[in-house]
Structures are given as structure tokens and as C-alpha cells.
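Have a look at the structure below before the remarks.
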Amino acid sequence: MLDLTGIMVSSIMMLIVILRAVQLDRSLPWFERSPNPNAPPSGLERLRANAAGQIPTWRKRKP
């Protein structure tokens, strides 16, 4: 009888954890989409690349 109670309690607890994980996955996804490699860099990315010397001077100028 105690074995059955233990199995039932642990099964119910596992279901609660699984349901809660599914609910949280809707609002806080575990995996984010990868950034688009063809998208233009953001302002912060340009500043970091400029500080690291990765942007040639001829590309820094805007027309």
C-alpha cells in the first residue's frame, strides 16, 4: 500500500513539474532564435568592432 502511494505521489509531482515547465516555456523560451547573419550590425556591435580595429577606415565613413 505504501509503495502504491509513493508511486502515485511521485508521478503526480512529475506531472506538475512537466506542466509548469511547459507553461514557463511559453513565456521564457529555453532556446532563442539565432541572429540573422545577413542583418546589419547594431550600433553596439559597430562600436565594439571599431574599438577592436576590425572595421577598415574606408568602411567607417557613411556616404
Side-chain angles (χ1 to χ4, degrees):
M1 185 68 178
L2 288 177
D3 292 338
L4 180 62
T5 304
I7 291 170
M8 291 300 293
V9 168
S10 63
S11 298
I12 291 171
M13 294 301 285
M14 285 189 299
L15 286 174
I16 291 172
V17 169
I18 291 170
L19 290 175
R20 185 70 180 138
V22 169
Q23 288 174 347
L24 283 176
D25 192 44
R26 289 185 188 142
S27 61
L28 300 169
W30 291 6
F31 301 102
E32 295 180 7
R33 292 182 182 175
S34 59
N36 184 359
N38 297 327
S42 67
L44 183 59
E45 292 172 352
R46 281 187 297 215
L47 287 174
R48 286 181 180 161
N50 189 13
Q54 296 175 349
I55 299 177
T57 55
W58 61 271
R59 290 193 64 204
K60 290 180 188 176
R61 289 182 246 138
K62 291 186 177 181

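Bear in mind that the values here come from a model prediction, so they are computed numbers and not experimental data.
- In terms of the side chain to side chain contact (heavy atoms under 4.5 Å, CB included) criterion, residue partners of V9 (sequence neighbours excluded) are, by chain and number, T5, M13.
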Anything under 3.5 Å between a donor and an acceptor, one on a side chain of residues 14-22, the other on a protein residue two or more places apart or in another chain? List them.
residue: R20; atom: NH1; partner: Q23; partner atom: OE1; Å: 3.4

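- Other cluster members for L4: M8, joined by side-chain heavy-atom distances under 4.5 Å among Ile, Leu, Val, Met, Phe, Trp and Tyr.
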